[in-house]
Amino acid sequence: QVQVVESGGGLVQPGGSLRLSCAASGFTSSRYAMSWYRQAPGKERALVASTTNDGDSTNYADSVKGRFTISLDNAKKTVYLQMNNLKPEDTAVYYCNALVPFERLGRALDFWGQGTQVTVST
């Protein structure tokens with residue numbers, strides 16, 4: 001059973017930093033991707049950053065480029081999101097996603113964490 005568990009949200013002042021962590025477990029695929037999404041009140045969930053476990057493909061939303069960094073510890077199946085120079089518009093619930101291929105199904109499945117609140121405010 002695949003599980004995805006986030007941690008690390010909280011309240012921070014503008015210009016501050018936070019690091020989110022997300023641990024995935026319950027699968028043995030040698031290739032997978034992990035991503036961070038966020039959803040602000042009244043808005044749709046949107047991709048923040050993504051990476052594959054081999055590091056071949058990393059992507060960022062334009063709004064966070066140069067401020068956020070995604071990294072993945074393959075041995076721990078844990079993805080991190082280092083968020084620097086946070087702005088009030090970064091306030092949202094942040095969700096971790098694991099995209100895991102299953103050979104016997106012939107496709108990949110999405111698994112989501114429960115979300116962690118990040119609030120940037122004075």
Side-chain angles (χ1 to χ4, degrees):
Q1 178 178 347
V2 178
Q3 290 190 315
V4 178
V5 180
E6 306 110 333
S7 61
L11 173 64
V12 63
Q13 292 188 342
S17 298
L18 276 178
R19 189 174 86 150
L20 305 182
S21 300
C22 171
S25 61
F27 62 92
T28 59
S29 176
S30 61
R31 294 206 65 188
Y32 57 96
M34 293 188 75
S35 305
W36 287 98
Y37 286 74
R38 66 186 181 187
Q39 187 167 18
K43 295 189 176 181
E44 293 188 354
R45 191 174 298 189
L47 178 68
V48 176
S50 66
T51 186
T52 53
N53 69 312
D54 56 10
D56 275 355
S57 178
T58 300
N59 297 287
Y60 295 93
D62 287 343
S63 59
V64 306
K65 282 179 182 176
R67 300 188 298 122
F68 290 11
T69 303
I70 190 170
S71 60
L72 194 151
D73 184 331
N74 198 26
K76 297 180 180 179
K77 290 191 175 74
T78 298
V79 67
Y80 305 94
L81 186 68
Q82 178 66 44
M83 305 185 292
N84 298 327
N85 190 22
L86 282 159
K87 304 175 180 180
E89 52 263 42
D90 294 317
T91 295
V93 178
Y94 284 69
Y95 294 92
C96 180
N97 171 275
L99 182 64
V100 183
F102 288 87
E103 260 191 56
R104 60 184 175 87
L105 296 178
R107 62 189 180 101
L109 299 179
D110 281 292
F111 298 90
W112 294 90
Q114 78 285 359
T116 186
Q117 177 70 46
V118 171
T119 302
V120 185
S121 174
T122 55

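Fair warning: this is a prediction, and the values are worked out from it, not measured in the lab.
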Atom of Tyr60, atom of Ile70 and distance for their closest heavy-atom approach = OH-N, 2.9 Å
key: From Thr28 atom OG1 to Lys77 atom NZ, the distance as rounded to the nearest 0.5 Å   = 7.0 Å
ask   = What heavy-atom pair brings Ser57 and Asn59 nearest, and what distance separates the two atoms?
value = OG-ND2, 3.5 Å
key: Pairs where residues 11-22 contributes a residue and the test side-chain hydrogen bond (donor to acceptor under 3.5 Å, both in side chains) is met, not counting sequence neighbours   = Ser17-Asn84
task = Applying ring pair (Phe, Tyr, Trp, His ring centres under 6.0 Å), name anything that partners Phe102, two or more places apart in sequence or on another chain.
result = none
message = Let me confirm one number: the OG-CZ distance from Ser63 to Phe68, rounded to the nearest 0.5 Å.
response = 7.5 Å
query = Are the side chains of Pro14 and Thr122 in touch, meaning some heavy atoms are under 4.5 Å apart?
reply = yes
request  = Would you please classify the geometry between the Tyr95 ring and the Trp112 ring as parallel, tilted or perpendicular, with 30° and 60° separating the classes?
outcome  = perpendicular
Heavy-atom side-chain proximity of Leu81 to Arg38 below 4.5 angstrom = no
key: Ser29 versus Arg31, closest heavy-atom pair with distance   = OG-O, 2.7 Å
ask   = Mind checking whether Leu11 and Ser121 have side chains closer than 4.5 Å, heavy atoms only?
value = yes
ask   = Just by modelled atom types, is the Asp54 backbone N or O under 3.5 Å from a matching donor or acceptor in the Asn74 side chain?
value = no
query = Do the side chains of Tyr80 and Asp73 get nearer than 4.5 Å, heavy atoms only?
reply = yes
ask   = Can you check side-chain hydrogen bond (donor to acceptor under 3.5 Å, both in side chains) on Thr58 and Thr51, steps first, answer last?
value = CA-CA 4 Å; Thr58 300; Thr51 186; 3.3 Å; yes
task = Please determine if Asp62 and Lys65 form a salt bridge, counting it only when a charged side-chain N lies under 4.0 Å from a carboxylate O.
result = yes
message = Using side-chain contact (heavy atoms from CB on, under 4.5 Å), reason through Met34 and Cys96 one step at a time and then give a plain yes or no.
response = CA-CA 7 Å; Met34 293 188 75; Cys96 180; 3.8 Å; yes
note = Result for side chain to side chain contact (heavy atoms under 4.5 Å, CB included) between Met83 and one of Val120, Val48, Leu18 points to Leu18
query = Is a side-chain donor or acceptor of Gln39 paired with a backbone partner of Ala92 at a separation under 3.5 angstrom?
reply = no
ask   = Are Val118 and Leu20 close enough that some pair of their side-chain heavy atoms sits under 4.5 Å apart?
value = yes
query = Any side-chain heavy atom of Leu72 within less than 4.5 Å of one from Tyr32?
reply = yes
ask   = Between Val93 and Tyr37, does a side-chain contact (heavy atoms from CB on, under 4.5 Å) hold up when you go through it step by step?
value = CA-CA 8 Å; Val93 178; Tyr37 286 74; over 6 Å; no
key: Close side-chain approach of Val4 and Asn97, heavy atoms under 4.5 Å   = no
